[in-house]
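What follows is a short report on a single structure.
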Number of protein chains: 2
Amino acid sequence: MNLKQLSHILDLSPTTVSRALNGYPEVSEETRLRVQAAAAKHGYRPNARAKGLATGRSMVIGHVIPSSSRHEMVNPIFGDFVAGAVKKYAEHGYDMMFTNADDTSIEDAYRSLFQRGAVDGVVLQGPKVNEPRIEVLNRMQVPFIVHGRSTGVSVPYDWIDVNNKSSFLRATRFLIDLGHRRIALINGLEDMDFAQRRRDGYLEALKQAGVSPDPALMRSAEMTEVYGHHETRDMLRLDDPPTAILTSSMISAIGVRRALDEAGLKMGRDVSVIAHDDDLSYLKNGQDVPIFTATRSSVRHAGELAAEMLIERIRAPHDPVKTRLLEAELVVGGSTGPAPNRF
Amino acid sequence: MNLKQLSHILDLSPTTVSRALNGYPEVSEETRLRVQAAAAKHGYRPNARAKGLATGRSMVIGHVIPSSSRHEMVNPIFGDFVAGAVKKYAEHGYDMMFTNADDTSIEDAYRSLFQRGAVDGVVLQGPKVNEPRIEVLNRMQVPFIVHGRSTGVSVPYDWIDVNNKSSFLRATRFLIDLGHRRIALINGLEDMDFAQRRRDGYLEALKQAGVSPDPALMRSAEMTEVYGHHETRDMLRLDDPPTAILTSSMISAIGVRRALDEAGLKMGRDVSVIAHDDDLSYLKNGQDVPIFTATRSSVRHAGELAAEMLIERIRAPHDPVKTRLLEAELVVGGSTGPAPNRF
DNA sequence: CTCGGTTTTCAAAGCGCTTTGGATGCCGGC
DNA sequence: GCCGGCATCCAAAGCGCTTTGAAAACCGAG
């Protein structure tokens, strides 16, 4: 069933039917109702491709999944962010499209997505330091939003981010206040912008307290469970092991916990742990009492906000740049306690 | 840059340029090269909407995300499945599209996706028992594949699934062979087809061993960490607590482990645990030695296979129905051991 | 040279929608 | 009785591509 057929049934012109369905004023209320009834009855759905071709808009927003962020992995954070975004997209009549691209052609992927006219805007996830994609998108004039920021990029761009530096500064200070001095940081991949900011916060807190950082206590890699376990086990074998561990994700915090268990150490008593908690639906930080002391910020909520900001940008391409900085909340759970007395 | 402009630059007709780029034989090799060079030079990308309108194909495959599978949650399994699928889509020139739908309008969402011409086929994830969407899709004549199966659906359909029943039968038998009799099952949502099949396998193994099932040991809900923790803690308070626990996901297994730790019980010695492991990228079941004894089947691999099967179906809509049953592997880790002597 | 058969190219129609620029009919005011 | 203004409706063009049917160019055989 297409427009032509429907208009023929109604004995109206395609013009009128189109206008009736799209809410234009130059059609009488009576015919509008008649048209809507017929459309519903025959299950008419305007062809998205034809509509897109005629309007120049696709009502689709694109995301690019790097086929391998190192080891062909998919971050579970991704799922919650996307769930938040897609919900808002739906509210505004947008669909969401994914393209896959290997790391080398990731810029190409964005370019093709937009220049083919497949999408009206794109979301850039997981920016690195000096992220080259930002300038590419900027030059292409495609509406986009960055989830995160990128140190070193000079062009202006819309972004939404959590205050990584201040939240890790605060978490580190919290541990210092508890008397900890040997504080480890199990961070994300080094070239990720968020990882650097978190490290900056961590280092600044140490500096303010006059504690000199120990490279042996600073680790970075993709934040899996196995990674959290491995690094923790490794650091516990040091002559002067950490009494507290700061980790960039709940998933690796679970690995940290496992390593502590294996070593017969009690979390919160022998070793304190603070995690960054993205408030994932399937991995809540406990029910009423938090399992981990954590810096918490819902990535799902970030997804919703990102979607809204992008849709605004699509509507008003020449508005001034918009940015949004979310503050993470510090929730105190049972995984932290005073530094153990080592004498 | 569009076809018309490009053809004008080349002093050729749009017809010829189109044919040159799409590999038709009725164009001389010389002009083909000339066209390809010019296209590359000017960064020409055929407009996807126009192409789709002309060809009747959109080269997009649709997935529907229920906006709330109960509590607005997003399963991390989703991420890995999608990553597998999108990779194969890309290899065949397809993009992936997501639409969001609340539980009531989920059929509508599929219908609209396809009838609008937005996608060439769809993937149905997380089928329930007597899944109504299958018949809807079947009636609509849309190419689709089901990840999982649906007991009670009579129409034929393509599916790919893991052998849930036999793998849980095997896991349960493994526990029985270790001397366990009080075996708990922490399962997924009751109306999900996979959950029923797993329960069937579990029950059959008990029956074969002459153990009568205890309803107090059978739990079902959405498989979060908190859920695994909650149910385990609850069951440990029973007069006759379980000596072994079977759980439907690694995530809830982590919760199980946490509850055991809190109760001062050692996993594998005091209580045995077997999990179903979807081999998630970010939540590997240990490195060399598995953390949990588990029934393992890569959901990412399932995503790849599903994508291939769907693309075949799109190409040959009238081929006989294709199905694929994957066998889960039983990997033995440190989480299981002989039933403790309770005398 | 001519002619049938290839090879190569092209003009035009069509995909299903929106939108511009009328056309039509109806109203009250002069 | 005529006319401007308003409310409705419509024909046709156009979005950027593919594809059909036909024309042009070229070829070697006769």
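On a predicted model such as this, the values are computed, not experimentally measured, just so you know. Quick note on labels: first sequence line is chain A, next is B, and so on, each numbered from 1.
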Give a yes/no answer on whether the side chain of B:Ser28 brings an N or O atom under 4.0 Å of OP1 or OP2 in C:dT7.
->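 For C:dT7, neither OP1 nor OP2 has a side-chain N or O of B:Ser28 closer than 4.0 Å.
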
Residue pair A:Ile314, A:His92: steps toward the side-chain contact (heavy atoms from CB on, under 4.5 Å) verdict = CA-CA 12 Å; A:Ile314 290 171; A:His92 292 87; over 6 Å; no

Kindly give the atom pairs (protein nitrogen or oxygen, nucleotide nitrogen or oxygen) under 3.5 Å for nucleotides 26-28 of chain C.
none

Test B:Val122 against every option in B:Ile61, B:Val142, B:Val64, B:Ile145 by the side-chain contact (heavy atoms from CB on, under 4.5 Å) rule and name the one that passes.
->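 Of all the options given, the one that passes is B:Val142.
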
State plainly whether the residues B:Glu312 and B:Arg315 are in salt-bridge range, i.e. N to O under 4.0 Å.
->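 So B:Glu312 does not pair with B:Arg315 through a salt bridge.
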
Salt-bridge criterion met for A:Glu131 and A:Lys128 (N-O under 4.0 Å) |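 No.
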
Got a second to check how far [X]'s [atom1] is from [Y]'s [atom2], nearest 0.5 Å?
X	Y	atom1	atom2	answer
B:Asn75	A:Leu280	CG	CG	11.5 Å
A:Glu308	A:Lys87	CD	NZ	9.5 Å
B:Thr151	B:Asn130	OG1	CG	7.5 Å

Rounded interatomic separation in angstrom, taking [atom1] from [X] and [atom2] from [N]:
X	N	atom1	atom2	answer
A:Leu10	D:dC10	CG	P	10 Å
B:Glu30	C:dT9	CD	C1'	13 Å
B:Glu29	C:dT9	CD	P	11 Å

Residues B:Ser281 and B:Asp80: side-chain donor-acceptor under 3.5 angstrom =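 Judged by distance alone, the side chains do pair up.
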
Would you mind building the protein contact string for nucleotides 17-25 of chain D? One character per nucleotide, 5' to 3', B for base within reach (heavy atoms under 4.0 Å), S for sugar-phosphate only, - for untouched.
-> BBBBB----

